[in-house]
Amino acid sequence: MFIPTYGKMTSIGDISSHGAMSMDGSFDLAFASGDLVRFASLRCHQGTLDLSLADIGPVGLTVIPRIIAISELVPFVMDKIPSDCPYPGCFFCVMKEGNPSKRRTSILKFFRDLPAQDDDGQVLPVSGLWNTAMAHPNDPEFINLGIFECVTALIWKGLKNRLWLSHDQNIYIPYYAAHIIGSYSMNMEEFAERAVHAGVIPPLVELLRGRLTWVEQRVAVRALGHLATYSSTFPAVASHGEVLELAIQLASSSLEIVYSHFYQFVDRRISYHCDLLTRGMGGVEMESRKAEEWASQLQCWSLQLINCFAFKPEFLFDICRPEFLVKLPAMWGGLVNENSPAGIGLLRTICQHKLGRGPVANCPAVIDALCNIVRSSDDWQYMAIDCLLWLLEDQSTSNKVIDKAAPALTDLAEISVLGDHKRLGDTIVNVLQERCQAQGTARNYISSRTKEQIDELLSSRQRIKWEKNMPKEDLQIKQAAALVVKLEGNSLFSSGDISGAASKYSEALALCPMKSKKERLVLYSNRAQCYLLLQQPLAAISDATRALCLHNPPNRHAKSLWRRAQAYDMLGLVKESLLDAILFINECSQSNDPDLSLRHNKVPDYAERLVKKQMHAAWLFREAAIKHGGIPTEDGSGDVYGPEADDSEWETASGSDVENGGQEADDNEENDDMDMYDKSTTKGIILIFG
C-alpha cells in the first residue's frame, strides 16, 4: 500500500498533489482542502477506472460514497496512467494514444460499448467527456465518433434501469450526459443536427418532465433550448408537443421546486446534488448560493426555450395566456444571473408580432411593469422601451396602452444613445407625435393629461428649433435668469419651503436654454428631491429619470439614482429600487465629488441599509419561502431560511448624519438638500448633503 504525501490545495483550480502509481496500474492521489486531507484511489478495471474517495481528518479515515471534484481529478488521471496499463480499452489510455488511426478506432469502440457495460467507475470517463465538451464545444472529433449516440443511450439507461442508476456513482451520469449534449449543440448548427439525428430529444424530454430531479431538468432544458435555436432542428423539438407546455410550467414553478426540494431543509439535501453544485468542495453556504444560481438558470433557460417558440406565430396563443404573461416581468434572473434577459426578453419577442401585442396590451399589470423598467437601471431597459413603442405603433393596441406608456416614454425623450439604440429620444418623440396625429378617432382615447404631456414634449422640441435661431446674447440672458431663479429655489429649500422651491425649479426649467443640459439636469434632480420630501414618488421618479437621461453617459448621475431609488422604495418597487441603489454605490466609488466618493472604500451607511433591505425583499426564493413557511408570517410563525432576516425598521438618516453633512448650497452645483426639513414627513428618505 502506498503511503501518500500531502500537498496543499488553495483552490479547486489550483491543485498541488502528490501520488504514486503502483505496478498494477493503480494510482493513489492525496491533497489538502482546508484542514481536511482528501485521498483518491484510482484503479484501472476492465476498460474504465474505479474511484474510491476518503477524507482524512481529525477523526481518522472516513470513506465518502460520493464524487469530490471529479472533473478536477481527470487531468491528473490522464497524466498518471502508465504506458503499460493492463487494460488496453481504458478510456484514459485511449485518450493518450499517439497513433491517430488507433485513437479514432478505440474511441469509436469505447462510445459504442460504454452504455452496455455495468462495471463500476463509469462516471469518471463520462465526467471527463463533460469536461472536454465544456472546454472544447466546437471540436468535431467526438461528434464524428458517436458521442451523441453514447450519451443518449446512457440517459435512457438511467431512466429505464433504476437499479443501475442507484449503483456505484451512476446517479451522476444522466446529468453529465445531458450537459454534454447542450455544450456540443450550443454553437454549431451542424452538431445540433447530428444530435437530433442521434435521437437525443426523446430522452431529454423525459428529463424535462421531471423523471429524475430538478438538477437533470436544468441541463435538459438547456440542451433543448440550444437545439430549438436553429431553424433546422427547431421542428424536431416542436414535434414533441409537450415541450412548450413543460417549459412554461417549469419557468413558473422552478424557483419553488428548487427551494422546496433542496434549499429549504439542509439536512435533507441529496448528496449528489450537493456535489454537482459545489463540485464537491463547498459547505452548506456554498451549496445554498449555487442552488440560487441554478434555480435562476433553470427559470431563465426555460424562458429561452419558450422564446424559441415565441418567434413562431402559431405558438403565441399557447404562450400568451394572461396568467403566464403577468408573471414574466418578475422573472428577471436576479443578481445571480444578470446576463439573461429572462422575462422581459420573452415579452419583447412576443411584442414583435401582432398576435402577441394584443394579449400583452390586455394585461394592465404587464404595461405597468414595462413602464417601471423603462425608467430604471435594468440592463434590459431598452427591451421594455421596444415593447412600449411597438404597442404604440400598432393601432389595435395603442389606445389601450398610451395613457400609461406615454408618460413613461416622455421622461426618456432626451436620451440620445442607449446600447445599440441611436437617437432613441427622437424615435420616442416621433412615435408619440404620430399617435396624436393619427387619423380617425384614435386621439379620442388619449386622456387630457396624456395629451398635455405629449404637447409639452412637442413644444420643447419646437423650442430647440427656436433657440437655434436666437442670438447668443439672448440665450446667455435666459441662462442667467434661470440661475437667479434656481438660487431663489435653493433659498426656499433652505428655509423649509419645499413646495415653493419646487415651483422655483420649474420656473428655472422654463427659462433655461434646452442646450444647457448640465444645468437642466441639476434642476430636474433638485426638483426630484423636493417631490420626495413632498411624498410624491411618481413625480420624483419622473424628474430623476429626466435628469439621468440628460447625463452623459445616461443613467449614471449618482444623486439622481439615489433619489429615484428612494422613490421606488416608497412605492414598494423592490427590484427597481435595488438596481438604482447598487448603481448609485458603483457611481460613488468612481466619483471625484468629495461629497459622494467612498471614503476608504466604505459604502455609505444609508445606501448599505437600503441595499440590504431590498436584497432581502428581492430574494429569489422569497415567494417560495413564504409559501412553504420559510419566512416569518405576521403572527410570527415559520422559520427563517436563506438570507438573514433583518427585522429592523428601515430608518432615515440619523441626527448625527444630518449634523455632519448639512451645509449651504453651492450655486454651481445642486442644492444637495438642506438639513432644514420636517423629519416626521420624510420617513425613509435619506438626504445626500453637499
Does atom [atom1] of [X] have more than 12 heavy-atom neighbours from other groups under 6.0 Å away?
| X | atom1 | answer |
| --- | --- | --- |
| Gln395 | CD | no |
| Lys517 | NZ | no |
| Gln462 | CD | yes |

Distance in Å, [X] [atom1] paired with [Y] [atom2], rounded so as to fall on 0.5 Å steps:
| X | Y | atom1 | atom2 | answer |
| --- | --- | --- | --- | --- |
| Cys387 | Gln352 | SG | CD | 8.5 Å |
| Asp580 | Lys575 | CG | NZ | 11.0 Å |
| Met331 | Leu346 | CE | CG | 9.0 Å |
| Asp386 | Arg348 | CG | CZ | 4.5 Å |

Going by heavy atoms in the side chains, are [X] and [Y] under 4.5 Å from each other?
| X | Y | answer |
| --- | --- | --- |
| Leu409 | Leu388 | yes |
| Pro537 | Tyr531 | no |
| Cys549 | Pro554 | no |
| Lys451 | Gln453 | no |
| Leu347 | Val360 | yes |
| His616 | Lys613 | no |
| Arg435 | Glu393 | no |
| Pro341 | Met383 | yes |

Provide the closest heavy-atom pair for [X] versus [Y] in the form atom of the first, atom of the second, distance.
| X | Y | value |
| --- | --- | --- |
| Leu432 | Leu457 | CD1-CD2, 3.8 Å |
| Leu509 | Arg463 | O-NH2, 3.4 Å |
| Lys404 | Ile367 | CB-CG2, 3.9 Å |
| Arg527 | Ala502 | CD-O, 3.8 Å |
| Ser560 | Ala544 | O-CB, 3.7 Å |
| Phe324 | Ile306 | CZ-CD1, 3.9 Å |

Checking [Y] against [X]: is there a side-chain donor and acceptor pair closer than 3.5 Å?
| X | Y | result |
| --- | --- | --- |
| Asn490 | Tyr505 | yes |
| Glu256 | His628 | yes |
| Ser577 | Gln614 | yes |
| Asp378 | Ser376 | no |
| Ser416 | Arg423 | no |
| Ser494 | Ser491 | no |

Between [X] and [Y], does any side-chain N to carboxylate O distance fall below 4.0 Å?
| X | Y | answer |
| --- | --- | --- |
| Glu507 | Lys504 | yes |
| Asp605 | Arg609 | no |
| Asp543 | Arg563 | no |
| Lys612 | Glu608 | yes |
| Glu323 | Lys327 | no |
| Glu414 | Arg546 | no |
| Arg449 | Asp403 | no |

**OP:** Tell me, with the steps shown, if Leu412 and Leu424 meet side chain to side chain contact (heavy atoms under 4.5 Å, CB included).
**Re:** CA-CA 8 Å; Leu412 304 172; Leu424 181 58; over 6 Å; no
**OP:** Determine, using ring centers only, whether Trp619 and Tyr263 are less than 6.0 Å apart.
**Re:**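 Ring centroids of Tyr263 and Trp619 are less than 6.0 Å from each other.
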**OP:** Give a yes or no on whether the ring-centroid distance for Trp294 and Phe262 is below 6.0 angstrom.
**Re:**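 No.
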Subject >> Full working for salt bridge (Lys or Arg N to Asp or Glu O under 4.0 Å) between Arg289 and Glu285 >> reply: CA-CA 6 Å; Arg289 286 201 306 268; Glu285 183 179 351; 3.2 Å; yes
**OP:** Evaluate the side chain to side chain contact (heavy atoms under 4.5 Å, CB included) criterion for residues Trp390 and Ile385: first the C-alpha distance (whole Å), next the side-chain angles of each, then the deciding distance (0.1 Å), finally the verdict.
**Re:** CA-CA 9 Å; Trp390 291 334; Ile385 295 173; over 6 Å; no
Looking only at atom types and distance, does a side-chain atom of [X] sit under 3.5 Å from a main-chain N or O of [Y], one as donor and one as acceptor?
| X | Y | answer |
| --- | --- | --- |
| Thr397 | Leu391 | yes |
| Ser252 | Ile248 | yes |
| Trp380 | Ser340 | yes |

Original post:
What do the steps show when you test Leu548 against Leu521 for side chain to side chain contact (heavy atoms under 4.5 Å, CB included), and what is the final call?
Top reply: CA-CA 7 Å; Leu548 288 162; Leu521 181 160; over 6 Å; no
Subject >> Check against side chain to side chain contact (heavy atoms under 4.5 Å, CB included), Asp426 and Arg461 >> reply: CA-CA 10 Å; Asp426 292 342; Arg461 285 304 173 108; 2.7 Å; yes
**OP:** Check the angle between the aromatic planes of Tyr382 and His421 and answer parallel, tilted or perpendicular using the 30° and 60° thresholds.
**Re:** tilted
